[in-house]
Amino acid sequence: MRRFIAFLAVLAALITGSALLAGGAQADTGPSTTRIVTSDRAAQGERVVVTLSATCPAGATIKVDVTVTAANEDRIAQGSRQKKVDCTGAAQPVELRVERNPIGAIFIVGQATATTVRTVCDDTDCDVISFDETIRIS
Amino acid sequence: MRKIIATALSAVLILALGPAPARADASTEIQLFWTTLAARGAAVDVNFGITCPVDVDGTATVAITQTRDDGLTASGTGFDEFSCRNGSILNITRVTASVLGAPFERGSARLTMVVTGAAPINRNVRLTS
């Protein structure tokens, strides 16, 4: 039984580790990362203002497409926003105002899931990388 | 003689009507581990292993549908790319709830999964916290 529990623990650690590493990736255009730093509820839940930290090679461009999905009682709140910026080679903040889809509920404070699809392009190539993370709307 | 004929007929019927092998030409296998709720039911993390006798780059597409205790439907899809090297990898695909439905909750749900090179999976799973 102990061996089985130890096996499960190792398995969970491996899976968690691989998931955390997924935020950064080495691609043809060079290494790039994104990570959501803050997500603030605004306009009575009509939107969430997301600030993410993006890193990509100087001279390239990065387009981030962020989708925030959250539960609000028995409904779902969801919204997307995209933005394109020039890469500096260092970590840089990118702010996006994510408006809710009117079909769904309004955003409330609490946990949510965010999918960030980044497209990093240089003179010769583009890489598209998707990353999911759990965030907290404040 | 009758017994021999009956046995032969049974064998032919079993071969003709029996289910085809699920992995006739698939070399990759999937082991589903856990399906856990994330972000208050806004998503489900599907934890699975991929066994690949040969190195493979591919995609995993997962769909989950759940009829909640209150009768509302929660559903969503997730998509992931993977590179399987040296025989096996562990993977997580996050299934995000559809804005048209309700959040996922603990309990049984239906999962459909299509992974490059593997036989499709369609089975009941238990969503846990």
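Keep in mind the model is a prediction, meaning the values are calculated, not measured. Labels below follow one simple rule: chain letters A, B, ... track the order of the sequence lines, proteins then strands, and each chain is numbered from 1.
Around the CG atom of N86(B), the shell of radius 6.0 Å holds no more than 12 heavy atoms that belong to other residues, nucleotides or ligands. The local environment of CZ in R41(A) is crowded, with over 12 non-hydrogen atoms from other residues, nucleotides or ligands closer than 6.0 Å.
Residue S98(B) touches chain A through its backbone alone, counting heavy-atom pairs closer than 4.5 Å. Heavy atoms of T67(A) lying under 4.5 Å from chain B are absent altogether.
Among the candidates G41(B), G101(B), A38(B), the residue making the largest number of heavy-atom pairs closer than 4.5 Å to chain A is G101(B).
I108(A) and I36(A) fall into different hydrophobic clusters, where Ile, Leu, Val, Met, Phe, Trp and Tyr residues are linked whenever their side-chain heavy atoms come under 4.5 Å apart, directly or through other members. When hydrophobic clusters are built by joining Ile, Leu, Val, Met, Phe, Trp and Tyr residues whose side-chain heavy atoms come closer than 4.5 Å, directly or via intermediates, L37(B) is grouped together with F48(B). At a threshold of 4.5 Å between side-chain heavy atoms, the hydrophobic network of Ile, Leu, Val, Met, Phe, Trp and Tyr places I50(B) and I121(B) in one connected group. V85(A) and V64(A) fall within a single hydrophobic cluster, where Ile, Leu, Val, Met, Phe, Trp and Tyr are joined by side-chain heavy atoms under 4.5 Å apart, directly or via other members. Grouping the Ile, Leu, Val, Met, Phe, Trp and Tyr side chains by contacts below 4.5 angstrom, directly or via other members, places I89(B) with V115(B).
Taken to the nearest 0.5 Å, the CG atom of L100(B) stands 9.0 Å off from the CD atom of Q78(A). Taking CG of D132(A) as the reference point, atom CD1 of I92(B) lies at 10.0 Å (rounded to 0.5 Å). Remark: F104(B) CZ to I76(A) CD1 distance equals 8.0 Å, nearest 0.5 Å.
Using a 4.5 Å heavy-atom cutoff, the side chains of T134(A) and R94(B) are in contact. Counting heavy atoms from C-beta on, the side chains of V99(B) and T69(A) never come closer than 4.5 Å.
Side chain of R40(B) to main chain of Q111(A): a donor-acceptor pair is present (N/O by atom type, distance under 3.5 Å, no hydrogens or angles).
Here the closest heavy-atom approach between residue A42(B) and residue A71(A) is recorded as CB-N, 3.9 Å.
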